[in-house]
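By convention in this document, chain letters (A, B, ...) are assigned in the order of the sequence lines, proteins followed by strands, and residues within each chain are numbered from 1.
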Amino acid sequence: MTGPTHIFDKPNRYIGQSAPRADAARLLQGRGRYVDDVSLPRMVHASFVRSPHAHARITAIDTTAAKSCPGVVAIYTGADLAQHVTPYVGVLTHLAGLRSAPQHPLALDVARWQGEPVVMVIATSRALAEDACEHVMVDYDPLPATLDAETALSADAPLIHPEFGSNLAWERVVNAGNIDAAFATPGVKIVEREFRFGRHTGVTLESRGTVCDFDPSEEYLTVYYSGQAPHMMQVIFSKHLGLPEENIRVISNDVGGSFGIKIHTYGDEIATAAAAKLLRRPVKFIADRFESFVTDIHARDHVVRARMGVTEAGTIVGIDFDDLTGIGPFSMYPRTSAIECNQVLNLTGAPYVLENYRARGRVVFQNKTLMCQYRAVGHPIAMAICDGLLEDAARLIGMDPVDLRLRNLMADDSYPRASASGMKLDDLSHQAALRKLTQIMDYDTLRADQAEARKRGVYRGIGFVSMVEVTNPSPMFYGIGGAPIASQDGATVRLDAGGALHVSSSITEQGQGTNAILAQIAAGVFGVDLNRVKVTTGDTATTPYGGGTWASRGAGIGGEAMLQAAQALKDQVLEVAAVMLQTTPDKLDIQNGNVTDPDGTKRMTLADLARTVYYRGNELPSDLKPELIATRHYRVTDFPFVFTNGAMAAQVEVDIETGFVKVLHFWAVEDCGRVINPMLVDEQIRGGVVQGIGGALYEECHYSPEGQMLNATMADYMVPMAAEMPDITVAHIETPTKTSVLGAKGAGEAGTGGAPAAILNAVNDALAPLGASLWQMPMTPERVLTALDAAAG
Amino acid sequence: MFSVMGGTMKAPDFDYLRPATLDAAIALLASSDGDAMPLAGGQSLMPMMNFRVASPSALIDLADLAELRGISRDGSSIRIGAMTRYAELAASAEVMAALPLFGMALPHIAHDAIRNRGTLGGTIALGDPAAEMPALALALGAKIELAGPDGTRVIDADEFYLGYYETARAPDELIVAIHYPVALSDHRFGFHELTQRHGDYALAGAVVARTAQGHRVAFFGVADRPLRLPALEQALNTNPDVQSALHHLSAIAFTGDVKASAATRQRLAAVALTRALQGMTQ
């Protein structure tokens, strides 16, 4: 190793530069290869008959008429596929007590949510498959449904899995210090609020989809899959279809967004793979938008009762809360649906010095679409609880919310240390981030503007959040609990005869620029021009083995593996070059595609070196065995997670006549360690903030009392749109993590995790002079008006 | 909204017909016995077919009908062919001059891609209660020209909207054109639409036309159809203070849905009207 300084400071380092993405032109010219672009000979198409009921016994299925419809190739019921697919259960051993029931790709006797697949129809076109679906007759005997998480545990709630005796899936309690004593201390004031976080979902531009191609001659299944974790899916297809892992190839090339919805086991996708195996021909399934809304995992759905104690002088003495979250009728396989609640318990208050902390989380079953890990798992709930209460407390004691934070945030020189919930923390910069935030937003001027606006009857508010983000997870996240999910990632770097690098990695690209940063790291560390690096990701047959891209792990883990591999290849190449140039490796470098002296003087091109090795090995000493390829793997070892931190602020204006909230500006200061590509990181932050604003103001899955999703179209489910988005100013503090040479932490979820709390606080700051406050997301016009009415009495 | 429970991405099989004349189109429509549907801009119909909510046996594409095109002014009236697209309306200096409300409303209609395809006749015929153009027709006192097997007829916009997506157009009739009175120098207009996101259907919207004869006020996005409230208009004629007229809104059977309850819609309708009046053309 020639060391970090050299890697990051040499002329063509690339790391730290806003290099344009190599794939941008291809994607913008419509040459992306998404799953629906895959068309194979003899391919047929799947469409699904889904349960129209939230909870119903399936009493009869008659496929006679459908089978005679034009173009129909096969029809499968749950019972049909149960003979070929083993059931799966979404539990992990490290989430003690978590329970869920076996799931089948198609419902067997009972359908447990509206949209659960019941019958699969395969036909020669999607249109004909849909035609035939209309002729499948399913008799349902509707059952009482449990929909509301708040009543799911009551004695008279219908049981979704009677064998469990209740609808409780999991419960955990965290207790540190003595919260009761702290709150009872004279002079401690208590704020208490009930928070409600609506359900929302991912709404990826490319919906879920797969083309499954089975070759019976080799018993080999190739799965083109819009997903984030190809190797995980390889194991799942293997385990439940009864094929050896090595006989399954999962290809996830271009993926049009994922946000966490594409790391789970969906029955329609497993059924599609089973059908391909049974029919011995390719089968395509593409979820339409309606299917996406009722089957893609939903997120959030929490009711939280929370208290914070604070002294008059502004010391936060503790937080006490109870989180209830509804997860649908099953815990999602294989990651489980308890992680979100677990994160809320782990992360609430993590930026602050808290002596006393008590939290209870309960995860309950309900007859709605499954809830599971979505971008910034648990973070927006955790941040809104603590920072929402913090700003409420600031109002109570008459202290500026920034001052109250600065008094309670962990000091930047106090790491390593642990949070109240026991999370190991290091390399964080809360104080510096908040100070930088108030500078870039010109806080004092904004407060003056706010006061001036109020004189005109305009209600503006400013809200903050100080946050942590879980990134770069270690094996402690999933692997320890038995999930087939790699926590390490690998990278391979190969020097070709022309002097170019072919690199591959087990992390995946979903549109955020993974391939771009892999190329930057390889080019910069090894020493070639960026345009001489070709990247392969998303293919279990051709990349190293690894976890994929989720939990903000791609850059930090996959990037470090690439750095190590590029450095290893460089060392190998210089060893060869030293022999050829009759010197020693330490007197050589690689710069701009050439082997050079340390001062950059060119000695030979990489192409000359590689061609000699590959074509004219006779010119080399016979005891020299050049290896122009290197592979390295990396995992986080000393910490369960590498935390990042950030400080964000929103300025909003509330129209008190309509209840409309307009976000005027948003600021984010993020410390994700070393920034590999500032442009990509900034856009990740902005995209995350926009999704956070979506959760705070717009997005919600509405259900009828019978459990029908009422707004399962893009006209009725409101995603945030460009016209409503504010300017989002992004700035960085770079505190590299000491866990890797690269020093990169994740950046993908910070905006989504922090923005909702900042928006909540800004709205409540705007409403404060009217005596109103609102603690429910999304903060819709009607909810704002209701809060104003309540304050007006 | 959707009775079919399953994947609904592709429309059921249908015939595509593209007549060259209005007479041929009406003959096709009449002979289909109600199973065929006319295709104007397709911005609502095609999604409904792909959702399998609508399943016509045939689409009769109106794209080639010269009779349904063109913008012409005839003295105090302007005739706009039913197949005129939103983008063409916005680009027409004649429309912008004669109908100031069009300039105020068009930017609120969805987005460029939809405005490039969507047609005036299509939106008037569909009668979405939250769409802008039906309400403009009411506020302006437009006349709708229909052609059917028995010839043509002209019907007041006030008589056209009968209920939830229900209009006075017979299944074998086509809208040929809409006729609007040209704005005079003493006419004043107001428009205000409340949507959380630009381009969405309105949570509540109000359109106001004030002439020597008094106010005409149309609301959209509030009930099962676009509507006027004569008593509210009369109140505004006698007292320009909108506050004194707002109680007449209670006559509306406001829609309640996941975006806003009926009570919230009434409140938003009052705000929309107030702001439309505050923003009247000068």
Side-chain angles (χ1 to χ4, degrees), chain A residues 45-53 70 114-115 117-119 121 125-131 133-134 136 138 207 268 285-291 294 655 657-661 697-698 700 702-704 708 710-724 780-782 785-786, chain B residues 1-14 43-44 47-53 55 107-108 110-112 114 128 130-131 192-205 242 246 256-275 278:
Chain A
H45 300 262
S47 184
F48 291 85
V49 176
R50 297 176 181 277
S51 171
H53 301 288
Q114 177 221 23
V118 176
V119 177
V121 174
S125 78
R126 172 68 183 245
L128 291 173
E130 290 184 16
D131 286 349
C133 280
E134 294 184 11
V136 172
V138 183
S207 62
D268 44 28
F285 167 66
I286 304 293
D288 74 13
R289 196 53 73 177
F290 174 71
E291 291 177 297
V294 297
D655 181 337
E657 292 183 340
T658 63
F660 284 27
V661 176
L697 297 179
Y698 299 106
E700 186 166 19
H702 291 280
Y703 278 86
S704 74
Q708 306 286 317
L710 296 171
N711 58 336
T713 73
M714 293 300 288
D716 298 314
Y717 180 95
M718 293 194 291
V719 294
M721 302 283 275
E724 280 67 48
T780 63
E782 187 160 285
L785 290 174
T786 302
Chain B
M1 179 173 177
F2 306 113
S3 55
V4 178
M5 192 61 226
T8 49
M9 184 192 292
K10 305 293 184 188
D13 197 24
F14 59 90
Q43 297 305 291
S44 297
M48 285 197 283
M49 290 171 63
N50 288 343
F51 278 131
R52 297 191 169 223
V53 172
S55 52
H108 293 271
H111 307 280
D112 279 339
I114 287 172
D128 189 304
H192 198 86
E193 175 170 347
L194 292 170
T195 58
Q196 263 188 285
R197 302 181 307 172
H198 183 86
D200 277 356
Y201 284 118
L203 287 174
V242 64
L246 292 178
D257 58 26
V258 296
K259 289 186 179 171
S261 69
T264 298
R265 274 210 166 68
Q266 175 162 352
R267 196 158 165 173
L268 296 178
V271 174
L273 174 60
T274 304
R275 292 181 182 178
Q278 285 167 352

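- Interface remark: T274(B) contributes no atoms to any contact with chain A (heavy atom separation under 4.5 Å).
- Using a cutoff of 4.0 Å between basic side-chain nitrogens and carboxylate oxygens, E134(A) and R52(B) are scored as salt-bridged.
- Looking at V138(A), there are no atoms closer than 4.5 Å to chain B (heavy atoms on both sides), in backbone or side chain.
- Residue L697(A) touches chain B through its backbone alone, counting heavy-atom pairs closer than 4.5 Å.
- Distance check: K10(B) NZ to S125(A) OG gives 8.5 Å after rounding to the nearest 0.5 Å.
- Using a 4.5 Å cut-off between heavy atoms, T786(A) does not touch chain B at all.
- In this structure the side chain of V258(B) never reaches within 4.5 angstrom of the side chain of D716(A), judged on heavy atoms.
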I would like to know whether D288(A) and F51(B) meet side-chain contact (heavy atoms from CB on, under 4.5 Å); could you show each step before the answer?
CA-CA 10 Å; D288(A) 74 13; F51(B) 278 131; 5.9 Å; no
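- Contacts between A715(A) and chain B at a heavy-atom distance below 4.5 Å involve the backbone alone (N, CA, C, O).
- A127(A) touches chain B through backbone and side chain together, each having a heavy atom under 4.5 Å away.
- Residue contact with chain A, scored on non-hydrogen atoms closer than 4.5 Å, involves the backbone of A11(B) exclusively.
- Of the possible donor and acceptor atoms, none in the side chain of Q196(B) sits under 3.5 Å from a partner among the backbone N and O of Y698(A).
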Applying side-chain contact (heavy atoms from CB on, under 4.5 Å), run through V271(B) and F660(A) and close with a yes or a no.
CA-CA 12 Å; V271(B) 174; F660(A) 284 27; over 6 Å; no
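- With a 4.5 angstrom heavy-atom cutoff, A722(A) does not touch chain B via any of its atoms.
- Comparing T780(A), V49(A), T658(A) by how many heavy-atom pairs each has under 4.5 Å with chain B, the most go to T658(A).
- Of the residues considered (A270(B), A272(B), P12(B), S261(B)), S261(B) shows the highest number of contacts with chain A, using heavy-atom pairs under 4.5 Å.
- Under the 4.5 Å side-chain criterion, counting only non-hydrogen atoms from C-beta, E130(A) is in contact with M9(B).
- For H45(A), there are no ring pair (Phe, Tyr, Trp, His ring centres under 6.0 Å) partners two or more places apart in sequence or in a different chain.
- The line from CE of M718(A) to OG1 of T195(B) is 9.5 Å long, rounded to the nearest 0.5 Å.
- In summary, E782(A) and K259(B) do not engage in a salt bridge, as defined by a charged side-chain N under 4.0 Å from a carboxylate O.
- For E657(A), the parts lying near chain B are the backbone and the side chain together; criterion is any non-hydrogen pair under 4.5 Å.
- Your options are Q114(A), R126(A), M721(A), R289(A), and the one with the most heavy-atom pairs under 4.5 Å with chain B is R126(A).
- Distance check, rounded to the nearest 0.5 Å: CG of D257(B) to NE2 of H702(A) gives 9.0 Å.
- Residues forming a ring pair (Phe, Tyr, Trp, His ring centres under 6.0 Å) with Y201(B) (at least two apart in sequence, or on another chain): none.
- Contact of L194(B) with chain A is made through backbone and side chain together, with heavy-atom distances under 4.5 Å.
- The choice from V118(A), D268(A), D655(A), V136(A) that makes the most heavy-atom pairs within less than 4.5 Å of chain B is D655(A).
- Y703(A) does not touch chain B: none of its heavy atoms, backbone or side chain, sits under 4.5 Å away.
- Looking at R267(B), only its side chain comes within 4.5 Å of chain A, counting heavy atoms on both sides.
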